[in-house]
Structures are given as structure tokens and as C-alpha cells.
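Please read the structure below before turning to the comments.
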Amino acid sequence: MDLEVLIENVLNALAAGITIGCIYGLMCIGLGLIFGIMKIVNFAQGELLMLGMFSSLYLVTGGGILAFMGPYIGPFVGALLAGPIVFAGGCLLHKFLIARVSGLRTAGSLDEGHFGQLIVTLGISLILQNGGLILFGSSPMTVRTPLASSAIEVGPIYGDATVFLNKARMISCAIAIIVAVSLYLVLEYTRMGKALRAAADNPTAATYMGIDTDKVYRLAFGLGCGITAIAGGLMATYLSFGPFVGLDYVIIMYSGVVLGGMGSILGAFWGGLTVGFVQQCSALILPPQLQNAAIFVVFLLIVLLRPQGLFGRSAERA
Amino acid sequence: MLEVTNLSVSYGGLRALTDVTLSVKEGQFVTVVGPNGAGKTTLFKTISGIVPAASGQITFMGENLFGLHPARRAHLGIAHVPEGRQVFKTLTVLENLEMGAYPQAGQRAWHHTLDRIHTLFPILAERATQLAGTLSGGEQQMVAIGRGLACAPRLLMLDEPSMGLAPAVADTIFERVSQIHKEDGVTILLVEQRVAEALELSDHGYVLETGRMVLDGPYETLLQDDRVRKSYLGLS
Ligand SMILES: Nc1ncnc2c1ncn2[C@@H]1O[C@H](COP(=O)(O)OP(=O)(O)O)[C@@H](O)[C@H]1O
Ligand SMILES: [Mg+2]
């Protein structure tokens, strides 16, 4: 009997860990592009997640233009559309602010522009949090879908032990994987994707190749913003959020990216997955307040044993 | 083809180039020599638009380069193989070459140029999927030159391609550059500290010292100049 309960708890934690982990993975890919690949320190990444959540919320609920889609499809289409909306915002942000502290303009300078980026993005983050408070209010919101409270039951597997797969999370997880894989393929195999990696690797040389690095950087920054926003929209279907929700996730994103290995999109995804997995599984033995502590214990362990991250590979000659 | 007229460049208040004039004609092999810090790299960077000019003019095929975005130069057919190679370390060798072929002309000629690059540097075919940052210095230089060739350039600018290479490897590089000039008909602008080898290949040479062009002329003339013989060739 006790064994059945244990098995049920463990299996459900594993299932939650994997589904939520995949969504975290997508969220981390956004930062992976901006921080891991473009090497731009962005402390406003959590607020982009928040903007993704609210974009989806306003698209889907009340008089939103997606309201006609209903509560089953609407929230997921809303999450996907939050991507282009925040992408556009990210491009503007880059054009007017981030470009001044990154890219060709700071290439070869002592700090590669990191100090400037730190201050600018912290400022943006504060503005977005407080602007969000004014615009959206402080009461917790969620993009309601009946799927969040229904589950696919698998089993009973052992005795009465049954795995409950939350439908909203399952769909979000599937979308997250599809978006992540598409982005990976674009970066790895298209001319644009390679130009983006080249521009991140060496902006001066990329300019010699005829690549307009400003444009490419803007696109990459926008993409990173949009990807995290899609993850935000997906998360909005199963958790409640407010203007300050980004604070909880920005640290998770940085741990995911560093854990996976800087500079690798797949790495960022696996890093995010690992973080989500550890967080959910730690719920089995730890009180909720300690879940984030568990993430950092695992984080420190992995970084101690593999400083280059799980999937980092060195491009320098040994 | 390339005309640099009375060019002056400063870094902050520091003069790096003063009144530099240089001309490269279609099909020529032109070399600029000079000691460290003379401003050779600065000259290349200004042609590529990475460093702004204080005064003067640069035209390529009659077009004023100062009005152009730096990234447009590759599309006009100027390939810059930079000092210190500057390969994309985190990209594979093949991806590096593909990035060289980023301009339209490079894409159209891609299959042909890739064959050509592999003929000149067979090792690049073997190492196609290896990250460029893990190659040896000589191999990285081959990637850098191959990458320059991949845009199907009219003018290939090479900034000290032999820097830091073992003599034998440097010889191979010089031989390939000469082949690119003779067999592919690419116009070459070369900066070198290995003065003897470089001048031997060229139609016309310039001597740059502390930001000024102090001497220029065809190879034979330079060879007879006492200063060149003493300071650069170690002859008396
Ligand atoms: N980014 C820079 N900032 C300030 N001074 C520079 C910079 N780059 C080069 N210089 C100076 O300009 C002069 C010419 O340098 P450079 O063009 O690299 O010479 P060369 O390539 O002939 O060795 C040198 O005195 C060098 O110190
Ligand atoms: Mg130099």
C-alpha cells in the first residue's frame, strides 16, 4: 500500500518534471540565444516572460481578438502569437537601447559592453515590472482553460498507482518541443541561422563577409525575446502570474543556460529541462520553499564537475 | 580598381595614417610593407569601413566607399582576410566557407568556388566538419583565405597571412596566394612583414612608415632602393 503511494508520487513527479522541464527548456532557449550565443547580459528576460503571459492573456480573454477560439484552442494560439508580439518589442528595444551597448560597437572593448548591458537591462526590467503593475494591476491572473484541470490517466500501473498527465501541460510541452526543434533547425541549417551564429562569434569578421551585424543582432535579440514570451504564454495556461513573476524565473533561466553550456541552443533546452525536472522531483522530499534551493545544489554540483556545462564544447585548441 | 587618395585616419587624437595614397589596378598584385605599427592594418580596416577616415577618399570600381555601410563592401567584391585570421571559431570549417559565400556572387559561384578552395587547400575538405577554432594556425589561415575566396572576390585583401606561421607553412600560403592571383585572375592587395617573399610576387610595392607612404614603385625599383635593401631585405 505504502509502496503504491510512493510509486504513484514518484511517477507523477517524473511526469510533471518532464512536461514542465520542456517548457522551461523553451524559456531557457530564449535566454540562450541572447546570453549564451549573442553574449548579451539581459536581466529583463524574466519580464519578457511576463509580457508573453500578459500578451496571451489579453489576446485570449475578455474582448481579446482570439476570444472566438474558445478556451480550448485559444490559450495555445495566444501563447504562440505572444511570440511575434514580444519579438517586435524586442527588436525595438534592441534598436534603441541594446544596440548601443553591444555588438560591433563594443566588440574588442575591455568589458565587451557587459557593464552597460547590465545597467540598461536592469533598468528595462524595473520599468517593465512597474509599468506592468500600473497597466495590468497586481491581482494574480491566469489564462483559463478547462484543460488545466483535466488529466489523462495512465494506469493503474502498479496496484492502484496511476499517472495523471495534466492536459494543459501536455499540450504546452508538445508546443514547446516543436518550437524548440524548429528554432534549432533554423539556426543550424539556414543561411540566416549561420549568419547569426557567425555574427555572434566574431562581429568584425562577419562584417567583412558582408553580414549586416546590426540587423542580425536585432533579429537574434528579438527572437530570444519572442521565444521566452511563447514559453510565458504556455506557462500562463497552468499557473497564475502577476507583473513580478519574472523575478522567479530569470534565475532559473540563467541556471538553465549555464547548466546546458553557453552557446548551445540544445544545451539551453536540456539545461532548462534539467532545472524543471529537479524542481518538480525535489517536491517529493522537500517543502516547496526549498525547491529552488534544490535547483542550485544540483546546479553547483554539475558546474563543479563539468564547468563547461552539460553540452558545452570548447572551440579553442586544447 | 581601388583608389585611396590622401587618406588620413586617427584613433581619438592619435594619427595613424597621414595623407596616404595608393592605387590598385585590375589584375595587379600590390604589396604594402612596413614595420609594426606603421598603420597597415588601419589602412585595411578603413578600406573595409570598420575604422572611420578623418579625411581623404576611397573609391572601388568608381564607387565612393565612404557612403556605404561597411557590410556592403563584400557585396561589391572586396574580400578582407584580416590580421590574426579571425575565423569563426565556433563554426565548422565548411560553415566558415559558407559564410564567406554570403554575398550573392558567392552563392551563385558556390559549387565552383568550393571545389577550387578544396583544390588549393585539400586539408579543408578533410576538416570540413571540425570547429574552426580547433585548427592549427596554418589551417586557420587557410580557412580565412578560403573564406575570402568564397565570395568570388574581385579584390582580395590579405593582412599578414604569414604571421605566426612556421616558414614552411608560410611558403605554402604565399604559393597559394600567387596561384589565386595567376590562375583565378583575382586582384591582390597584400600586407606583409616578410618583405622579400611578398615583393617578389608583386607588380607594385608601397612602403608605409609611421602612417606615411614613404616610397612606392615596381618590384625592380624597390629592390634597387638602398633603404628597402637595408631595412627590409637585410642586404647592403
Ligand atoms: N583600436 C586602436 N585604438 C588606438 N590606436 C590604435 C588602434 N589600432 C591601432 N592603433 C595604433 O595605430 C597605429 C597603427 O597600427 P596598425 O594599423 O595596427 O599597424 P600595423 O598593422 O602596420 O602594424 C599604431 O600606433 C597603433 O598603436
Ligand atoms: Mg597589422
Side-chain angles (χ1 to χ4, degrees), chain A residues 32-33 35-39 99 103-109 185-220 260-268 308-309 311-318, chain B residues 41 44-45 47-51 68-107 110 130-137 139-140 143-144 147-148 150-153 156-157 159:
Chain A
L33 254 176
F35 179 59
I37 295 188
M38 314 307 287
K39 302 283 184 298
L104 210 49
R105 220 178 281 205
T106 54
S109 71
L185 293 176
V186 165
L187 281 183
E188 202 63 17
Y189 297 109
T190 66
R191 176 167 177 257
M192 197 62 229
K194 288 174 197 170
L196 195 154
R197 287 187 285 132
D201 183 302
N202 189 329
T204 313
T207 306
Y208 295 154
M209 304 299 114
I211 298 169
D212 184 341
T213 50
D214 271 342
K215 225 183 250 172
V216 169
Y217 268 53
R218 197 179 316 145
L219 187 81
M262 298 277 290
S264 147
I265 283 294
L266 280 184
Q308 71 274 45
F311 295 85
R313 49 178 186 171
S314 174
E316 296 291 339
R317 221 172 141 72
Chain B
T41 299
F44 271 26
K45 285 184 173 172
I47 296 172
S48 281
I50 294 289
V51 167
L68 281 181
H69 190 282
R72 292 307 304 167
R73 286 155 175 76
H75 299 267
L76 292 180
I78 302 179
H80 184 164
V81 179
E83 183 178 66
R85 325 186 220 294
Q86 309 271 345
V87 298
F88 300 117
K89 292 182 177 169
T90 56
L91 270 59
T92 65
V93 169
L94 185 62
E95 285 171 343
N96 266 271
L97 300 178
E98 285 173 3
M99 284 300 102
Y102 189 82
Q104 291 268 307
Q107 281 174 69
W110 172 243
Q130 195 173 327
L131 293 188
T134 62
L135 298 176
S136 73
E139 290 162 349
Q140 288 194 15
V143 171
R147 196 177 61 173
C151 79
L156 182 65
M157 307 201 300
D159 194 345

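The sequence lines fix the lettering, A, B, ..., with proteins before strands; numbering per chain opens at 1. Values below: all heavy atoms of this structure, side chains included; hydrogens, waters and symmetry mates excluded.
When each of B/Q86, B/M99, B/M157 is scored by its heavy-atom pairs under 4.5 Å with chain A, the top score falls to B/M99. Contact count against chain B (heavy-atom pairs under 4.5 Å) is highest for A/A205 among A/G263, A/A205, A/A200.
Interface with chain B: from residues 206-215 of chain A, residues A/A206, A/T207, A/Y208, A/M209, A/G210, A/I211, A/D212 qualify, criterion being any non-hydrogen pair under 4.5 Å.
Scanning for ring-ring contact (aromatic ring centres under 6.0 Å, His included) contacts around B/F88 gives an empty result, with sequence neighbours left out. Judged as a ring-ring contact (aromatic ring centres under 6.0 Å, His included), and not counting sequence neighbours, the contacts of A/F35 are A/Y254. Applying the salt bridge (charged side-chain N to carboxylate O under 4.0 Å, His left out) test to A/R197 and every residue at least two apart in sequence or in another chain returns B/E95.
Of the two parts of B/H69, only the side chain, counted from C-beta on, holds a non-hydrogen atom closer than 4.5 Å to a non-hydrogen atom of chain A. With a 4.5 angstrom heavy-atom cutoff, B/L91 touches chain A via backbone and side-chain atoms both. Residue B/V87 touches chain A through its backbone alone, counting heavy-atom pairs closer than 4.5 Å.
The two atoms that bring A/D201 and B/T90 nearest to each other are OD2-OG1, 2.5 Å, heavy atoms only.
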